[in-house]
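Lettering follows sequence order; numbering is per chain, from 1. Values below: all heavy atoms of this structure, side chains included; hydrogens, waters and symmetry mates excluded.
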Amino acid sequence: MTHAQQQILTVLAWVPDGRVVSYGQLADLAGLPGRARLVGRTLRTQDTEQLPWHRVVAADGRLGLPQGSPGWLEQRQRLLAEGIFFKGNPLGGNRVAMAQYQWQPDLAAMLMLFEQ
DNA sequence: ATGCTGACTACTG
DNA sequence: CCAGTAGCCAGCA
């Protein structure tokens, strides 16, 4: 695993319950602007068992996995379990209301990210 | 080494 | 809303 990927997983570990981040935003927070695809690749390739991988969604609120796939269903269920609302219909929508749930790290959180 | 692919995204038409 | 395009570049054949 590359240093960049380590950074990504470190930041991911800090995304709080009930909030989400987009692939691009996570890359930015990890000091890797423009590298959203690396985030997706990392989630697909590395072991995210102990990390809140389900809190990473596309910038437009859709989930990265193919809609209807097992992974997509699990991610959606985990998000619903955290109280995250999906546009259109609480159970039938397919996009997270980003404006409402996107994580906005505060100063304290940012400092912790840089300490890692 | 080389070429494709894709859990990305912003932009344009 | 949909399609194409340009950056991105680690994996994998």
Side-chain angles (χ1 to χ4, degrees):
Chain A
M1 167 153 67
T2 66
H3 175 63
Q5 291 179 308
Q6 301 265 19
Q7 293 294 304
I8 289 167
L9 297 184
T10 295
V11 177
L12 173 57
W14 285 97
V15 181
D17 188 301
R19 306 253 99 190
V20 297
V21 284
S22 70
Y23 294 88
Q25 183 194 0
L26 180 47
D28 286 345
L29 292 172
L32 305 163
R35 303 188 60 184
R37 298 190 86 133
L38 178 58
V39 173
R41 228 183 355 257
T42 302
L43 294 184
R44 191 192 35 159
T45 304
Q46 306 302 315
D47 176 25
T48 55
E49 198 74 30
Q50 314 298 352
L51 298 168
W53 57 270
H54 58 287
R55 298 184 185 135
V56 183
V57 302
D60 65 2
R62 286 183 296 206
L63 309 187
L65 274 32
Q67 184 166 345
S69 68
W72 184 89
L73 291 169
E74 181 179 353
Q75 182 173 9
R76 190 181 67 146
Q77 185 194 296
R78 287 191 182 205
L79 293 175
L80 287 170
E82 294 186 356
I84 290 174
F85 178 82
F86 280 68
K87 289 183 180 177
N89 171 332
L91 291 178
N94 63 344
R95 295 190 188 197
V96 171
M98 296 304 281
Q100 191 175 352
Y101 300 107
Q102 187 162 44
W103 182 36
Q104 253 101 53
D106 56 26
L107 180 56
M110 287 302 286
L111 289 176
M112 287 193 249
L113 294 182
F114 287 110
E115 278 174 21
Q116 300 301 309

Determine, for nucleotides 7-13 of chain B in 5'-to-3' order, which nucleotides have protein heavy atoms under 4.0 Å from the base (write B), from only the sugar-phosphate (write S), or from neither (write -). BBS----
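Of the two residues contacting DNA chain C, namely A:Thr45 and A:Gly34, the nearest-nucleotide position lying further toward the 5' end is that of A:Gly34.
Atom CG of A:Asp47 and atom CE of A:Met1 lie 9.0 Å apart (nearest 0.5 Å). The CZ atom of A:Arg35 sits 12.5 Å away from atom CG of A:Leu26, with the distance rounded to the nearest 0.5 Å. Between A:Leu32 atom CG and A:Gln5 atom CD the span is 10.0 Å, to the nearest 0.5 Å. Here A:Lys87 contributes atom NZ and A:Asp60 contributes atom CG; the two are 8.5 Å apart, rounded to the nearest 0.5 Å.
Nucleotides C:dA13 and B:dA1 are separated by 13 Å at their C1' atoms, to the nearest Å.
When the side chain to side chain donor-acceptor pair (under 3.5 Å) test is applied to A:Glu74, the partners found at least two apart in sequence or on another chain are A:Arg78.
The footprint of chain A on DNA chain C, defined by a heavy-atom cutoff below 4.0 Å, extends from C:dC1 to C:dG11.
In this structure a side-chain-to-backbone donor-acceptor pair under 3.5 Å is present from A:Gln25 to A:Trp103. A donor-acceptor pair under 3.5 Å links the side-chain atoms of A:Gln75 to the main chain of A:Val56, judged by distance alone.
Considering every non-hydrogen atom in both A:Trp72 and A:Asn94, the closest pair reads CZ2-CB, 4.2 Å.
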